[in-house]
Amino acid sequence: MAKTEEMPNNSYDTIAELSSLLLAANGDGPHELLGEFVVPESCRPTLPFDATSDKPLPVLDLGATDHPGGLAAKLTEICEEWGFVQVINHGVPSHILREMATFGHSFFTLPTERKLRGAFSYLNGYGAKQINMHGVGTPWVEGLTLRTLPESNIAMFEAKMWPEEGNASLFQTLEQFDSALQEFEITLLQLLAEGLGVESSFFSQHFEKCPELTMGMHFNYYPPCPDPSKVLGALPHTDPSCLTVLYQDRISGLQVQAKDGSWHPVEHKEDGLLVFVGDILQGWSNGRFPAVVHQVVLNNKIPRLSFLHATSPAGDLVIQPAHVGGDPPRYKPFTYKGYMQYKSDLHLQRPDDTQKPIDAYAGITV
Ligand SMILES: O=C(O)CCC(=O)C(=O)O
Ligand SMILES: [Fe+2]
C-alpha cells in the first residue's frame with residue numbers, strides 16, 4: 001500500500017485526469033478508449049474474476065481450538081506455503097467491516113468533483129494508488145488512502161470532505177477499524193513468531209504502542225471495465241508492508257499466485273479477512289514467509305470494493321532477519337525506509353520481472 005511521497009507519477013499528471021480517464025473508458029464506450037489501461041499479453045489474466053480455484057485456498061478459523069499441533073503451527077505452515085490466508089472468526093466486529101464497506105460505496109459513487117475535495121496529495125486521500133509503469137498499463141482503480149501513523153490524516157480528510165458539518169460517525173468507524181486491525185495484526189505476528197521458534201514478541205514488540213510505525217488504510221474501488229481480459233484492477237505485485245489485511249466486499253476478483261506460478265481466485269467469504277505476507281515480513285522471517293504475489297481481475301458489470309489495513313515498522317528500525325533452526329542467513333539487516341526508497345527508485349520495474357524487489361534489496365546470494 002505505502003509508497004514514498006517522492007515517487008514520480010509518470011503517467012497522468014493529476015488525480016482529476018485519472019478520474020476522467022476512468023469515466024471516459026468506463027461503460028459501453030468503444031474499446032480503443034481503454035488506451036493506457038491495456039496491459040501486455042504477459043500480464044493478462046488467465047482466469048476470469050468469478051472463476052473458482054482448482055486448489056483449496058487456505059482458510060484459518062481463529063476461533064477454533066482443535067488445530068492439531070496448535071494454532072501457531074497451523075498459521076506458520078500456511079504462511080510458509082502461501083504467504084496468504086483467509087481468516088474467519090478473527091474477532092474484528094462485523095459491524096465495523098459493514099460500516100467501512102457502506103462508507104466506501106457511498107464515497108466512490110459521489111460525483112468526481114466532490115471526491116476530488118478529498119484528494120490532498122498524490123499518495124494520500126482520494127486518487128490513484130498505484131503508479132503506472134510505461135508500457136505496462138495503468139491499473140483500473142480509484143483509491144482512498146488514509147494514514148493513522150506516524151501522523152493521522154483522517155481529521156484533514158474529514159475537514160476537506162465535510163467542512164461544515166464534519167462526519168463524526170465516519171471518524172469513529174475509521175478509528176475503530178484501525179485499532180481492531182492493529183490488534184489483529186499483532187496477534188498474527190505473535191503466532192508467526194511462535195511458529196518460527198523465536199520469542200513470541202520477536203516481531204510484535206516493534207508494533208505495540210510505537211508511534212513511529214507506518215500504518216494506515218486504503219480503499220480500492222474498481223468500476224466495471226468494458227474489457228476485463230486486457231485490463232487489470234491491480235497488476236501482479238507484492239505489498240511493501242509487513243502484513244496487509246484486506247476485506248473483499250461481495251464481488252470476487254482477487255487472485256493469488258501459488259509457488260508454482262499458477263493463479264488462484266479468492267472467493268468472497270462474508271466476514272473473512274484476507275491476510276497477505278508483505279515484503280518486509282519476507283525479509284524479516286529470513287524468507288520463511290514469502291510475500292504473496294497477487295492481482296485483481298475486473299468484471300464488466302458490477303463495481304468492486306475492497307479495503308485494507310497495512311502496518312510496517314518504524315522507518316529507521318534495523319530489521320534483523322530471524323535466522324532460526326540452522327537456516328543460513330538469506331537476508332541482510334535492512335530498514336523499512338531504505339527499502340521503500342529503493343522500491344521507489346525502481347519504479348520502472350515490471351510486474352513480470354522474476355526477482356522480487358526485497359530479494360534484490362536485502363537478499364543474500366549464495
Ligand atoms: O482489491 C483487492 O482485492 C487487492 C488490492 C491490493 O492488492 C492492494 O491494494 O494492494
Ligand atoms: Fe496488494
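Just so you know, ligand 1 is whichever comes first in the structure, and atom 1 is the first atom listed for that ligand. What you see is a predicted model, and the numbers here were worked out from it, not measured in a lab.
Every residue two or more places apart in sequence or in another chain that forms a side chain to side chain donor-acceptor pair (under 3.5 Å) with D316 is listed here: K337. Residues passing the side chain to side chain donor-acceptor pair (under 3.5 Å) test with Q295, sequence neighbours excluded: Q255.
Shortest distance from the Fe ion (ligand 2) to D239 is reached at OD1 (N/O/S atoms only).
At a 4.0 Å heavy-atom cut-off, ligand 1 does not touch A234 at all. Of the heavy atoms in T244, none comes closer than 4.0 Å to ligand 1.
Close contacts of ligand 1 with Y222, meaning ligand atoms under 4.0 Å from a residue heavy atom, involve 1 (O), 2 (C), 4 (C), 5 (C). Which parts of ligand 1 touch V296 is read off a 4.0 Å heavy-atom cut-off, strictly below it: atoms 1 (O), 2 (C), 3 (O), 4 (C). Listed by number with element, the atoms of ligand 1 under 4.0 angstrom from any heavy atom of D239 are 10 (O). Residue contact check: R304 has heavy atoms under 4.0 Å from atoms 1 (O), 2 (C), 3 (O) of ligand 1.
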Stepwise ring pair (Phe, Tyr, Trp, His ring centres under 6.0 Å) test for F276 and H294: CA-CA 9 Å; F276 301 75; H294 53 287; 4.4 Å; yes
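Using 4.0 Å as the threshold, Q248 has no heavy atom nearer than that to any atom of ligand 1. H237 counts as a contact of ligand 1, since one of its heavy atoms falls under 4.0 Å from the ligand.
With a 6.0 Å radius and a threshold of 12 heavy atoms from other residues, nucleotides or ligands, E183 has its CD atom at or below the threshold.
The Fe ion (ligand 2) is the vertex of the angle joining NE2 of H237 and NE2 of H294, which measures 90° to the nearest 10°.
The distance from the OH atom of Y247 to the CD atom of E270 is 4.5 Å, given to the nearest 0.5 Å.
For ligand 1, one of its N or O atoms has an N or O atom of N220 under 3.5 Å away.
Taking the charged nitrogens against the carboxylate oxygens, E41 and K230 have no contact shorter than 4.0 Å, which rules out a salt bridge.
Classification of the Y361-F334 ring pair by plane angle, with boundaries at 30° and 60°, yields perpendicular.
When all heavy atoms are compared, the tightest approach of A322 to L196 is CB-CD1, 4.4 Å.
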